Amino acid sequence: MIPLSWYLILAALLFGIGLFGVLARKNVIAILLGIELMLNAVNINLLAFWRYLTPGDVTAQIFTVMVFVVAAAEVAVGLALVISVWRKRDTAYADELDMLKW
Amino acid sequence: MEKSLLTIILFAPSIAALLTLLIPKDYKKLIRIWALVASLVPLIFALVAWFSFEGAGADPNGYKFVVNQPWYQAIGSSYHVGMDGLSLTMVLLTTLLAPLAILASFGIEDRVRMYMALFLFLETGMLGVFLSLDLLLFFVFWEIGLVPMYFLINQWGSPKGEKELWNGMKVANRTYASFKFMIYTMAGSLGLLLAIQMLGVVFQTFDLPYIVGQWNAMAPGDEILGGFTTVGTAKAVAFWAFTIAFALKVPVWPFHTWLPDAHTEAPTAGSMILAGVLLKLGAFGFLRFVLPLYPEQAKAGANILAGLATAAIIFGAFAAFGQKDFKRLVAYSSVNHMGFVVLGVAAAARAIGSESATVALNGAVLQMFNHGLSAAGMFFLVGVVYDRIHTRDLEEMGGYFPLVPVYGGVLIFTSMASLGLPGLNGFISEFLVVRGAWGVFPVWTALGMIGLLFTGAYILKGISESLHGPLNETHVVHLSEINKRELAVITPLMVLMLWLGVWPGWLLDVIDKAMIALQSAIG
Amino acid sequence: MEMTNLLIWLLPVPPLLAFFIIVLFANRSNKASWMIGVGAAALSFLGSMVVFFQAVGAEHLGEHPFGSRLDWLPLNGAHFQIGLMVDPLSAIAIFFVAITVFMIFIYSVGYHNWGQPKGDDDIPGLPPHGATVVEHGHEHVVPSIEPMFARFFAFIGLFAFGMFTLVLADNLLLLFIGWEIMGLCSYLLIGFWYGKPSARAAMIKAFITTRVGDVFMLLGIALLYTSTGTLSFRAILFDEQVLQALASTDSGFFGLSVAGLTGILLFIGTIGKSAQFPLHVWLPDAMEGPTPVSAMIHAAAMVSAGVYMVIRMFPLMAAGMEHGHLTPPMYAMALIGSVTALFAATIALAQNDVKRVLAYSTISQLGYMVAALGIGAYVAATFHLVTHAFFKALLFLGSGSVIHGMEHGVLHTGDHHVDPQNMYNMGGLKDKMPRTFWTFLIGGFALSGFPVVTAGFWSKDEILADAWAHSQFVFWVLAIAAFLTAFYTMRQITLTFLGKPRTKEAEHAHETNLWMTGPLMVLAVLAIGFGWVGIPESFPGLGNYSNNWLHHFLGHGLPEWLYTEALEFSWFPLIASLVVALGGLGLGYAVYKDVPSAEEDPLKKVLGGFHTWLENKYYFDEAYDFLFIQPAKWFSEKVVFQLMDRKLIDGFLHLVARVTYWLGGIFRNYFDIPVVNRLIGDTLGGAVPQWFGKQLRKVQTGAIQTYMILAMVVAFGGLFVFMITMR
Amino acid sequence: MEPIQIVFLIGAALVLGSAVMVVTRRNLIHAALFLILTLSGVAMIFVLLEAFYWAVIQVVVYIGAIAILIIMAIMVTRNVTGDTVKPFNNMAVWAAMLSVVASGSLIWALSYWPAFDQTAPVADTGEYVIRLLGLELFSAEGYLIPTMIASVLLLAALIAAIKSAFPISQEEE
């Protein structure tokens, strides 16, 4: 039998890897990949909680639905923005997009 | 549905205003159409309220569709809204005029998005005043209405004209007018706010029906505020605070000079709303707050109020007759017409509970509605001409009738409604006011007839100087016939004017019941 | 009965529908417009005749009039009702209204040159100038169609609607509604040719002057409503208790009873509407409108409405009358009516405009009716109202025909400086326009009261007989006025039709077409025949063949306590009326049969300087302008607006602003600038925040990941610290 | 070591290993391919959690749609093979440290939770749950409004994506 902790540790590690990707990568698409990893970690946690704590209730699954929706929307908008930025500024590097600087 | 109806009516415009801000500012057409469609939402729900009003359940105070939720619990204020026949009438007027005014301002090209958003916010402010049953909530909405109007006049007002002040300082007319409007209303609001706070301290709540019940049950000699003063004194002071605030808004002579300035300088749609709805806020305040809260003081002060109302009727008519500026003429006509409302209210205050009082109140409320229609129509029609020839000077106008026969017909129709021609709406309300006031203030009423006579004079002056008279040749090129969009604005108003003139029963029935209830609540 | 009650509601509807249909749909088609307009008038006419003859056949119509009512205004938990009603008075009224209105509609088709080509340079707002047509190779000018042909029929339809509503109303408020609608229509129609400055002035004058009366009348209505709680004619006028209560309650104004005050207020309405002295000034100017409008205003509708109203309210006016003592309203009516009758007749003597003479004669005749009512001659007043409607409509339409004929001459000669309305430009038209002449002659004789054959004789005779019985003063004034009437009527006929043409234009005048002369002939028949319904039973000779139908029919429409039997016959008034009528006519012909031009008017020599006064209508217009209009303009512009609003009220506000501004300046100069700005602002407000800003600015790299790292450091660093400390 | 635990460890290793590759590969195409591998691993974990439905969704939505979308975006924006620039920004070290702190503190925090070492109860996780999920999603007492909002969000995202990815029109220039 697998204890709940294994899943949580897996999710935490996956989250950490994703976070690193988001913080450290230059390419905007790579950042998006990191975000996907983080969202997956969340999903693992949600489903693990569901299975171990409230298997008769579907609230956790509802949240999973929401995470999926957010992920889909985020990818769609994110990629569209990437393409738009690419067209306008000819770059896909996050650290070059610093027009907000003082 | 019944529970949330008023909330929807109230906040649909402001939500729409927020959404308007999301549309990119260059999509002017989209913004206009969106604003128009959004402003139809409250209208539709107001119609729902209208048709379900008879069958809806009333709370013990006679209000329907009531919502009462805690809002500002620490000081005992709550989100308490409700509707009776009076507010139903006013809500109907507001929600009807708002889409028409927005449609009328389709010609605006400058910062359309902000304009429309302000307009929709303004609608929420006005509706809030009509629906609030909580004094603090009422005051919040009362003030909210000011801000958009200030900017509408200040930013989109007529760009021409300068006024020289005492120290040689020159300001644009619209700046002067908007400032005057703002300061004037704020000045009245101060006393109003203090009086409301006083009530709040005494009763630990701002709930209007509760306060009305408690307040009138107290003896004038009772000490309140920890022995600081007595009920009688407090009432007398608070009565004048309320009265002055509302009298400024109506406006009653001699507090009226902000009105011609503001109306003249405001953009067309702003004038429509200003005359059509904003003036009604003051009159509404008299009916909703002053009469129930201070019946004895109102009775005592009624004579003064009636005198000022008569002065407004007479001097408003004279001043309108003395104008060369078409828009200012119409603006002064508002002073004249609103005088009848106040006269009716004053008569009712003096003779509360009698048949005359009911008739006078019916007349006053109907006059509020009617003036909303005809004044909005008149301002719009003046705006139509102004859009084409860019002047409001009657002396430069003349001879337009053969060039624009449809416009001419519409102008004559609307003018006649404003003049109070029988068969059109204004007559019935003026007749009812005269009938109600005659038994109470015969001398004031008789003097008011001078005003009624000069109403005819200034209306005919407006018509004859613009439509008839020698043609100004330079205007011929610019003057085009009223277009379909403009007709769409004025047609609903004209239909209502005629309908109310021929068969006012449908509206008066609601008003009548509300006015009887109002008086029985005072006792 | 049920059918009739329904039919009554339908009587005013066709003209109203015609108005809306023409305005909304048919305004581009002249043909559709006149057909709709005339058709509507015909429908109303037919319906009116049906109702009228049913009313004549009904028994006890006075006690049980036709009609029905419905709830209109919800007031105080109950309803204010409006309804339509046909009692003897309304029946008579719709009879003459329907006929004259119908005739005027037909006449208008011809008058506005239906069937003629479009004018060369006609513009809306001015009368048509004529069109050039080429016929058989040479050009000539013919009359052109009115440019606003359709609009005319719309307006006049609304006018007719107003009058029908007014005469059928069963309460004062509905009557007032019809009253004011006519006010609007007369305004629109008097100013029909708004391109003429005189028409513009006249339209406003008409509206405002009548409105002076209207606001008083509105007060009267409000007073009556306040004191009785109803405005229904049946409930007020036919209830003796109500009337007595009104008559015995003090109103608090001038010692009048409520009934007296109401009566006088309502009568002021009539003074305005029926152009009685001193509010008569608008009526002569109303000639600026097209002639059918003049006929409408003078005969069928507008001014008749005023008299109709006081006739209708007669029981109220007479409330409190005991033993022949006149009540205050009746006294006022007798006085004002007789003064007006004489006063207007004198002005008519000196007018040269063919329509203006008729206008003053209208005022004078209305004075007759009002005076008659003032002395209690209810039936006689009504009788004269009806006969006057017929013969005055006839005269106006006839004069329109004359003007049309003259305009024909003007078009022929092309000399547009010749005024086609000036009687001194006419003469000898008898042979050119025979149909117009004979009908005009009948109308003129009826107006003068030519004995026995004309309707005017019978009605005027009855008024004089009543006056003789009740008030000598009124009798003598009216008798003099009757003499003057006969005189100026004959002067008019002589100058216009008899003798020789004085101008080329008159030589080329031309009889008008059947559209116009047809209605003239119908009205001529009525101007003679209608008199026969009211021949007194005791009249020598003829009385044997008459039962004085009108007196019985109308008299029973009054409440019982007011009903009086017809007067005993008396010779003196009869002889007097014979003398004044025949004498006036004869003298008029004798004096004017050979007058060549206006300068040689024989009256000028006789009256001297007074003639100038008459020519200028006693300078009433000038006096009103000086006394009321200019002061009102000055007061409005200079006093109310400039002085009161701008100087006083705004001045006060600016003073407040100035003081505030001054106080603000002091605070600024002596506190804000030295203390706040320099001391606190420049050091604490300036230097310190600036330093912080410089430091913090470094964080703002603009790179999103920097921000994220910062955020994460806070979040997870916080969690880490939390774990360490809380473990 | 139970067999199921070994399976879990294999799955976990797959997930974590390929995730590390995702965030470190210089070539974005490779990174994206590794992402697919990670997502497959997660699907496997879902199977172990008896969330079969979600495993399927994971494959369909993430691998089938999202991953493909990302690959296409990469191809649009970059010369994929010749990516010579350094993949990390100059804060990579800080980021790595932060990530470790984040994972560590999360695990550390969770380990104090009583349910941390709980084992799975026996439960019906099959058809019944899917049915319940459907009912809850679309009933007014349940989560209808969030569902609606989510669908509106998707629609809005769709419109926004179309709008912003569209070729630059004249007015925006």
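Keep in mind the model is a prediction, meaning the values are calculated, not measured.
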Examine whether an atom of [X] lies under 4.5 Å from a heavy atom of chain A, and if so say whether it belongs to the side chain, the backbone or both; otherwise answer neither.
X	result
A31(D)	both
E2(D)	side chain
I70(D)	both
F88(D)	both
P146(D)	both
L158(D)	neither
L39(D)	side chain

So which part of [X] gets closer than 4.5 Å to some heavy atom of chain D, the side chain, the backbone, both or neither?
X	value
Y7(A)	both
L79(A)	side chain
F63(A)	neither
I31(A)	neither
V85(A)	neither

Tell me, out of [options], who's got the most heavy-atom pairs with chain D below 4.5 Å.
options	answer
V22(A), N40(A), V28(A), L32(A)	N40(A)
V75(A), I83(A), L47(A), V77(A)	L47(A)
I62(A), V69(A), L19(A), V65(A)	I62(A)
A11(A), A24(A), A80(A)	A24(A)

Audit row: L33(A), V23(D), side chain to side chain contact (heavy atoms under 4.5 Å, CB included) steps and yes/no: CA-CA 8 Å; L33(A) 297 185; V23(D) 296; over 6 Å; no
Using the ring centroid of each side chain, check whether Y52(A) and F116(D) are separated by less than 6.0 Å. no
Which atom of [X] lies closest to which atom of [Y], heavy atoms considered:
X	Y	answer
L154(D)	A72(A)	CD2-CB, 4.2 Å
R25(A)	N89(D)	O-ND2, 4.1 Å
A12(A)	L106(D)	CB-CB, 4.2 Å
Y62(D)	A71(A)	OH-CB, 3.2 Å
L13(A)	S103(D)	CA-OG, 4.1 Å
L14(A)	L16(D)	N-CD2, 3.8 Å

What residue, out of [options], has the most heavy-atom pairs lying under 4.5 Å from chain A?
options	result
S111(D), A96(D), G11(D)	A96(D)
V100(D), I57(D), I149(D), V93(D)	I57(D)
L48(D), I107(D), V61(D), L35(D)	I107(D)

Can you find a pair of side-chain heavy atoms, one from [X] and one from [Y], that are under 4.5 Å apart?
X	Y	value
W113(D)	L8(A)	yes
T59(A)	E136(D)	no
F68(A)	I66(D)	no
W54(D)	N43(A)	no
I44(A)	V42(D)	yes
P121(D)	R51(A)	yes
V58(A)	L135(D)	no
W50(A)	V129(D)	yes

With a 6.0 Å cut-off (strictly less than), is the heavy-atom count around CD1 of I145(D), excluding the residue itself, greater than 12? no
Using 30° and 60° as the class boundaries, would you call the ring planes of W6(A) and F8(D) parallel, tilted or perpendicular? tilted
Nearest-0.5 Å distance, CG of residue L110(D) to CD1 of residue I9(A): 9.0 Å
